[in-house]
Amino acid sequence: MSRAALMLRAALVAASAAAISLLSGCESAPTEARDYDPEPVLTAYLMRGEPVREVYLQRVAPLQGFYLPGDHGITGADVLVRSIGGADSLTFHDDPEERGHYLPDDTTWVPRGAIRYRIEARFDDDLLWAETVVPGAFDLEVLPTPVAGDTLTRDDANILLQWSTSDSAGGYTFSIMSLADEDSLIHLDPDYEPDPEDAGEDSLARSAGWMMREDQRTLTIPWIIFNWAGPYRVSVMAVTSEYYEYAFAWMRIASGAEMTPPTNIHGGLGIFAGLSRHQFEFYMKPVAG
């Protein structure tokens with residue numbers, strides 16, 4: 001799973017628990033918070049043309065104490081992904097090293113684009129299910145070309161991305177990730193001096209990204225979002241409408257909005273979404289002073 005997906009999964013658990021804190025803060029409704037039965041959270045992604053890696057099944061964490069995802073994992077569930085109206089299916093088993101983490105029984109099973117899939121997770125007397133469509137293939141043009149393997153600087157022309165329509169896409173996402181060793185980061189600005197009061201913030205600036213509407217087809221990448229020297233991975237993904245609305249809600253929450261993110265999981269919370277992506281890598285170096 002990508003770092004962004006992991007952050008969304010963890011944030012969902014935290015935000016769901018935060019919703020309970022609103023109840024506990026209301027004098028007229030303390031019982032609701034005290035009697036709250038933690039809801040199950042199901043998180044799974046199907047990437048077109050790539051083997052399915054994992055499924056997460058947990059319960060909302062309590063507000064008190066240190067949060068560890070594995071402490072709230074649901075084990076022993078029967079987890080199945082299958083195509084609607086087809087013969088394709090994939091079952092999962094418990095990861096013995098992490099509670100609530102499920103691994104595929106067939107590590108070569110690959111979802112296809114423009115196909116609708118259903119996920120089911122059965123445990124105790126509960127059934128969680130959801131359906132999604134995996135967006136179809138799309139073409140990505142990178143200008144100037146080629147980029148993969150190139151060494152670039154902030155003085156070079158901005159990279160322009162252009163892509164075609166992906167069938168069943170409800171939007172697109174763009175993301176960059178610095179692949180440099182976090183212990184030896186070198187800033188692209190030769191005059192950069194870290195602020196002691198912002199200790200720890202630099203690690204958060206190793207990645208960036210944003211959402212793009214379904215009708216957007218071009219993007220110019222500003223060099224200002226690249227902070228560190230070294231290798232980078234750039235991703236453009238076609239995403240389902242469920243994922244677009246889910247991720248966009250988290251952008252609003254990060255900006256201070258008090259809301260519960262939408263979910264397409266019946267019987268619980270979380271997200272089951274199809275994705276289709278293009279990725280390429282290149283190297284950034286500082287401009288000589």
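Sequential numbering from 1 along the given sequence is applied to the chain's residues.
- Cation-pi check for Arg206 over Trp228 is not met; the charged atom does not lie both under 6.0 angstrom from the ring centroid and within 45 degrees of its normal.
- Salt-bridge formation is detected for the pair Arg112/Asp88: a Lys NZ or Arg NE/NH1/NH2 atom is positioned less than 4.0 Å from an Asp or Glu carboxylate oxygen.
- Atom CD of Glu141 sits about 4.0 Å away from atom CG of Leu143, to the nearest 0.5 Å.
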Check your understanding: Step by step, would you call Ile176 with Ile225 a side-chain contact (heavy atoms from CB on, under 4.5 Å)?
Key -> CA-CA 9 Å; Ile176 66 162; Ile225 66 174; 3.8 Å; yes
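- Across all their heavy atoms, Gly113 and Arg48 have their closest contact at N-CG, 3.6 Å.
- Between the side chains of Thr165 and Arg217, at least one donor-acceptor pair of N or O atoms lies under 3.5 Å.
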Practice item. Might you work through the ring-ring contact (aromatic ring centres under 6.0 Å, His included) test for Trp163 and Phe138, ending with a clear yes or no? Key: CA-CA 7 Å; Trp163 58 91; Phe138 64 101; 7.5 Å; no
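- Partners of Thr108 under the side-chain hydrogen bond (donor to acceptor under 3.5 Å, both in side chains) rule, at least two apart in sequence or in another chain, are Asp106.
- Side-chain N/O atoms of Ser235 and Gln279 include a donor and acceptor closer than 3.5 Å.
- Residues Lys285 and Asp155 are not paired through a salt bridge, judged by the lack of any N-O separation under 4.0 Å between the basic side chain and the carboxylate.
- Aromatic ring centres of Phe226 and Tyr232 lie closer together than 6.0 Å.
- Listed here is the closest heavy atom pair of Ile74 and Gln58: CD1-O, 3.5 Å.
- Aromatic ring centres of His101 and Tyr56 lie closer together than 6.0 Å.
- Atoms OG1 and OH, on Thr173 and Tyr244 in that order, are 10.5 Å from each other to the nearest 0.5 Å.
- In this structure, CG on Leu42 lies 10.0 Å from CG on Leu269, to the nearest 0.5 angstrom.
- Note that the CG atom of Asn227 and the CG atom of Leu185 stand 9.5 Å from one another [nearest 0.5 Å].
- Side-chain contact annotation: Ser89 with Arg82, donor-acceptor N/O pair under 3.5 Å absent.
- Proximity of the aromatic rings of Trp109 and Tyr117 is defined here by a centroid distance below 6.0 angstrom, and this criterion is met.
- Taken from CZ in Arg99 to NE2 in His72, the straight-line distance is 10.0 Å, to the nearest 0.5 Å.
- In this structure, the side chain of Asn264 engages the main chain of Phe272 through a donor-acceptor pair within 3.5 Å.
- The closest side-chain donor-acceptor pair between Asp105 and Thr91 falls under 3.5 angstrom.
- Here the closest heavy-atom approach between residue Thr240 and residue Gly274 is recorded as CG2-O, 3.3 Å.
- Under a 4.0 Å N-O distance rule, the pair Glu120/Arg118 qualifies as a salt bridge.
- In the hydrophobic clustering of this structure, Tyr172 groups with Ile221; members are Ile, Leu, Val, Met, Phe, Trp, Tyr whose side-chain heavy atoms approach within less than 4.5 Å, directly or through other members.
- Between the OG atom in Ser207 and the CZ atom in Arg233 there is a gap of 12.0 Å [rounded to 0.5 Å].
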Exercise for review: Could you walk me through whether Ile271 and Thr263 pass side-chain contact (heavy atoms from CB on, under 4.5 Å), step by step?
Suggested key: CA-CA 6 Å; Ile271 183 69; Thr263 179; 6.0 Å; no
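- Side-chain N or O atoms of Asp94 include one that pairs as donor or acceptor with a backbone N or O of Gly76 at under 3.5 Å.
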